[in-house]
Amino acid sequence: MTDHPMRRSDRALSPDEALAVLDDAAFVTLSTVDEEGHPYGVPLSFVRRESTLYVHATNQNGLKFDCFRHDARACATAVTDVVPFFANGDFSTYYRSAMAFGFMREVEPGVEFKRALVDLCTKYVPEAKAHIGEAMRCEGPNTSVWALDIRRVTGKAQPLPPSSAALASPNTGQAR
């Protein structure tokens, strides 16, 4: 993939800041291509461990798995802290975003598989931690885990100007 320079490099985040955006995000959109070269992006729950993003789904075949198997290249994107605002005569949006580029691989049942599922359950439903083992015994045979091994991560952020706080509308796009 050609590494294009970021147009607004003044908004660039460091790799560590971009990883922090991923950590703060509730979901990512994982994008790849199908066998005919058509783009395919799907929003997924995920968890990051070091330089790998983990996602899970049923182990039944479908378009997502066909795409991963056809071409392992993938990109996960996340956006957090979205706040539309009006300042100095302009409409804009405060945000933090990250893009993680890498290759997908299916995680075989074993320690990495179980650890990814525990991390996913703990991220999304921490109050049910005591039930993870039971759920894995019941649902594990019907579950697949995929890993995006990150090769490159980028991020970008637009700061919220102090003068626009009264005209900002968090996450809704609706004027106050």
Side-chain angles (χ1 to χ4, degrees), residues 1-4 6 13 15-82 93 95-129 131-157 171-173:
M1 171 179 221
T2 303
D3 189 12
H4 294 281
M6 187 179 292
L13 299 177
D16 285 341
E17 290 170 320
L19 290 173
V21 171
L22 287 170
D23 292 341
D24 290 344
F27 302 95
V28 294
T29 298
L30 189 57
S31 299
T32 185
V33 295
D34 70 13
E35 289 181 0
E36 296 176 4
H38 297 285
Y40 179 72
V42 60
L44 296 169
S45 54
F46 78 103
V47 68
R48 181 176 75 88
R49 180 178 287 281
E50 298 174 12
S51 62
T52 302
L53 298 183
Y54 293 97
V55 299
H56 82 292
T58 178
N59 61 10
Q60 302 297 313
N61 287 330
L63 180 57
K64 178 173 33 184
F65 303 118
D66 291 346
C67 291
F68 295 163
R69 289 182 180 118
H70 164 70
D71 188 338
R73 294 175 297 172
C75 174
T77 60
V79 181
T80 64
D81 305 323
V82 176
T93 305
Y95 64 90
R96 294 185 316 136
S97 65
M99 299 176 73
F101 302 89
F103 295 88
M104 297 301 299
R105 65 181 168 81
E106 191 166 9
V107 177
E108 297 298 324
V111 174
E112 183 183 20
F113 182 95
K114 290 177 183 174
R115 194 171 206 186
L117 289 176
V118 168
D119 289 350
L120 281 160
C121 292
T122 303
K123 176 180 178 178
Y124 291 97
V125 193
E127 62 276 9
K129 186 175 183 175
H131 304 284
I132 293 173
E134 176 186 340
M136 285 175 52
R137 279 188 296 283
C138 293
E139 295 298 323
N142 304 314
T143 302
S144 66
V145 173
W146 287 81
L148 173 64
D149 293 316
I150 300 171
R151 301 290 170 94
R152 183 168 66 97
V153 64
T154 64
K156 190 173 174 182
N171 301 315
T172 66

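As the structure is a computational prediction, the values presented were derived from the model and not from experiment. Position 1 is the first residue of the sequence; numbering continues from there.
- Smallest separation of non-hydrogen atoms from P141 and N59: O-ND2, 2.6 Å.
- With sequence neighbours excluded, the residues satisfying side-chain contact (heavy atoms from CB on, under 4.5 Å) with E36 are D34, H38.
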Can E106 and R69 be said to form a salt bridge (Lys or Arg N to Asp or Glu O under 4.0 Å), step by step? CA-CA 9 Å; E106 191 166 9; R69 289 182 180 118; 3.3 Å; yes
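- Between V153 and L19, the closest side-chain pair of non-hydrogen atoms falls below 4.5 Å.
- Rounded to the nearest 0.5 angstrom, T52 OG1 and D149 CG are separated by 4.0 Å.
- Separation of atoms CD1 (I132) and CD (E139) is listed at 13.5 Å; rounding is to 0.5 Å.
- Scanning for side-chain contact (heavy atoms from CB on, under 4.5 Å) contacts around E134 gives H131, R137, with sequence neighbours left out.
- With a 6.0 Å radius and a threshold of 12 heavy atoms from other residues, nucleotides or ligands, E50 has its CD atom at or below the threshold.
- In terms of the side-chain contact (heavy atoms from CB on, under 4.5 Å) criterion, residue partners of K123 (sequence neighbours excluded) are, by chain and number, F46, V47.
- Atoms CG and CD, from D71 and E35 in turn, are 10.5 Å apart once rounded to the nearest 0.5 Å.
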Can you list the steps and then say if M136 with T143 is a side chain to side chain contact (heavy atoms under 4.5 Å, CB included)? CA-CA 9 Å; M136 285 175 52; T143 302; over 6 Å; no
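- Within the 4.5 Å cutoff, the side chain of M104 has heavy atoms near those of the L30 side chain.
- Residues P126 and Y124 approach most closely at CD-C, 3.5 Å, considering heavy atoms.
- Closest heavy-atom contact between A100 and L148: O-CD2, 3.8 Å.
- Here the straight-line distance linking atom OG1 of T93 with atom CG of D81 works out to 12.5 Å at 0.5 Å rounding.
- Heavy atoms only, all atoms of each residue included: F101 and C75 are closest at CE2-SG, 3.6 Å.
- Residues V55 and S45 come closest through the heavy atom pair CG1-O, 3.5 Å.
- The side-chain contact (heavy atoms from CB on, under 4.5 Å) test applied to Y40 returns T32, V42, L63, K64, C67, not counting sequence neighbours.
- Side-chain contact between V145 and E112 is absent, with no heavy-atom pair separated by less than 4.5 Å.
- Sorted by first and then second residue, the ring pair (Phe, Tyr, Trp, His ring centres under 6.0 Å) pairs with a member in residues 48-81 read F65-W146, F68-W146; sequence neighbours excluded.
- When the salt bridge (Lys or Arg N to Asp or Glu O under 4.0 Å) test is applied to E17, no partner is found at least two apart in sequence or on another chain.
- A pairwise comparison of heavy atoms in A18 and L13 identifies N-CB, 4.2 Å as the closest pair.
- In this structure, NZ in K129 is found 5.0 Å from OG1 in T122, a value given to the nearest 0.5 Å.
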